[in-house]
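Below: the structure, in structure tokens.
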Amino acid sequence: MTAPTHTTSAPTPTTPVTVGGDLHGPVIDWFDAHARDLPWRRPEAGPWGVMVSEFMLQQTPVNRVLPVYEQWLARWPRPADLAKEAPGEAVRAWGRLGYPRRALRLHGAAVAITERHGGDVPTEHPQLLALPGIGEYTAAAVASFAYGQRHAVLDTNVRRVLARAVTGTQYPPNATTAAERRLARALLPEDERTASRWAAASMELGALVCTAKNETCHRCPITAQCAWRLAGKPAHEGPARRGQTYAGTDRQVRGKLLAVLRDAVAPVPQAVLDRVWDEPVQRARALDGLVSDGLVEPLPGGLYRLPMT
DNA sequence: AACACGTGGTG
DNA sequence: TCACCAAGTGT
């Protein structure tokens, strides 16, 4: 399950831990000096605050999450508070964070926590993984950040840091590979407290210094041992990332439809929804998709609203 | 494995 | 301008 690493004996020469020397100390020290003061990192946030932040931060920048996070926690300070609400209230409070299915899943996770875990965010990785909207990354993040456990927390920031510092490439592969997971596990400090600090620190380094564009190596605590920089920062080879085109897609139509429903205080007639998009086939497909996803509730008489049941 | 899934900031 | 990017998950 866990890779055998040894902090008290001499590392095996082939152990990846030795690649580039020790990364943990410099990165953790840098984190202690430069970490952002984010609300979900304060002790008052608790496991629920950590979990809410992780849902919101899935593919959404910190700056846009901050205000919604504060309102969310003020309104629903415990999982049971959210579980009592209609799912549509979660979708409405989600606002314009994007990917509103996350709001639905966070609500579903709150219900499951209330039913199965007595209202407390579960502490074990498998229990977290079983909740809706929580995948490998989020389960590890909550277990590590909220409970101080030892898990490889492999998000896009950490993947980029490891790709550069250890592997020597500008970017990680498009999809997470077994080799990346193996490397992340091998680099995990043995000590639980150090491991959880390393997880947060390496992620923060990727977010603030070792960024996708315009990385600032002169501010990096491990620049001297970074394999990519030592190799002369070679440009990325291989297939470019698949562009996420948006204009004209179903996603854009769904976004427009949902925006109308979020702002409505009463059920909306189909005729009103029809105004958001000219093309009738795509418009109908988008609305059907929202209904089948549970984001929209159809009512008799051609009326629609956010799901209240 | 490849795609769908929102939204807004940035160079 | 527009392509890329931002603490992924589910199918």
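Given the structure is predicted, the values throughout are model-derived calculations rather than measurements. Proteins come first, then strands; the chains are lettered A, B, ... in the order of their sequence lines, and each starts at number 1.
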| task | Measure from CD1 on A:I134 to C1' on C:dT11 and round the result to the nearest Å. | result | 18 Å
| How many Å lie between CG on A:L97 and P on B:dG9, as a whole number? | 13 Å
| Flag if over 12 foreign heavy atoms under 6.0 Å of CZ, A:R78 | no
| Strictly by modelled atom types, are A:R197 and A:T194 linked by a side-chain donor-acceptor pair under 3.5 Å? | no
| Selection residues 185-214 of chain A - residue pairs positive for ring pair (Phe, Tyr, Trp, His ring centres under 6.0 Å), sequence neighbours left out | A:H24-A:W198
| Distance between P atoms of C:dA7 and B:dA4 (Å, rounded) | 23 Å
| message | Using a 6.0 Å cut-off, check whether atom CZ of A:R193 has over 12 heavy atoms from anything other than its own residue. | response | no
| said: Ring centres under 6.0 Å, that's the criterion: do A:W94 and A:W72 meet it? | reply: yes
| said: Around atom CG of A:D278, are there more than 12 heavy atoms from other residues, nucleotides or ligands closer than 6.0 Å? | reply: no
| query | Which part of the nucleic acid does A:R101 contact within heavy-atom distance under 4.0 Å: base, sugar-phosphate only, or nothing? | reply | base
| message | Within the 4.0 Å heavy-atom criterion, would you say A:T138 contacts the bases, only the backbone, or no part of the nucleic acid? | response | sugar-phosphate
| Rounded to the Å, how far apart are A:L257 CG and B:dT7 P? | 10 Å
| How long is the line joining CZ of A:R102 and C1' of C:dA6, in whole Å? | 10 Å
| query | Hey, is the side chain of A:T60 pairing donor to acceptor with the base of B:dG6 inside 3.5 Å? | reply | yes
| remark: With the side chain defined as heavy atoms from C-beta on, A:R96 is closest, among B:dT7, B:dC5, C:dT9, to B:dT7
| said: Quick test of your reading of the model: are A:R160 and A:E215 salt-bridged, counting only N-O distances below 4.0 Å? | reply: no
| Atom CZ of A:F145 to atom P of C:dG8: distance rounded to whole Å? | 11 Å
| query | Using a cut-off of 4.0 Å on non-hydrogen atoms, how would the nucleic acid contact of A:W40 be classed: base, sugar-phosphate, or nothing? | reply | base
| request: Specify the separation, in whole Å, of atom CD of A:Q58 and atom C1' of C:dG8. | output: 5 Å
| query | How would you label the contact of A:A141 with the nucleic acid (heavy atoms, under 4.0 Å): base, sugar-phosphate, or nothing? | reply | nothing
| request: Classify the side-chain pair A:E54/A:Y137 by whether it contains a donor and acceptor separated by less than 3.5 Å. | output: yes
| request: For C:dT1 versus B:dG6, give the span between their P atoms, rounded off to a whole number of Å. | output: 25 Å
| Is any side-chain N or O of A:R159 closer than 4.0 Å to OP1 or OP2 of C:dA6? | no
| message | Counting C-beta onward and ignoring hydrogens, is there a side-chain heavy-atom pair between A:V268 and A:L303 closer than 4.5 Å? | response | no
| said: Any base atoms under 4.0 Å from A:G98, or only sugar-phosphate, or nothing? Heavy atoms, all strands. | reply: base
| message | Using a 4.0 Å cut-off on heavy atoms, which residues in residues 61-81 of chain A reach DNA chain C? List them by number, or say none. | response | A:P61, A:V62
| message | Students often get this wrong, so: under 4.0 angstrom with heavy atoms, is A:E136 touching a base, only sugar-phosphate, or nothing? | response | sugar-phosphate
| field | First encountered from the 5' end of DNA chain B, between A:N214 and A:L295 | value | A:L295
| Can you check whether A:Q59 has a side-chain N or O nearer than 4.0 Å to OP1 or OP2 of C:dA6? | no
| said: Using the side-chain heavy atoms of A:R262, tell me which of these nucleotides is nearest: C:dG8, B:dT7, C:dA6. | reply: B:dT7
| said: For a quick check of understanding: with a heavy-atom distance under 4.0 Å over all strands, which category does A:L38 fall into, base, sugar-phosphate or nothing? | reply: base
| Between B:dG6, C:dA7, B:dT7, which nucleotide has the shortest distance from any of its atoms to the side chain of A:D155? | C:dA7
| remark: Of A:S53 and A:P132, the one whose closest nucleotide on DNA chain C sits nearer the 5' end is A:S53
| query | To the nearest Å, how far apart are A:R251 CZ and B:dT7 C1'? | reply | 10 Å
| Is any side-chain nitrogen or oxygen of A:Y99 closer than 4.0 Å to OP1 or OP2 of C:dT9? | no
| field | Any A:K213 side-chain nitrogen or oxygen under 4.0 Å from OP1 or OP2 of C:dC4 | value | no
| query | Between B:dT7 atom P and A:R254 atom CZ, what is the distance in whole Å? | reply | 10 Å
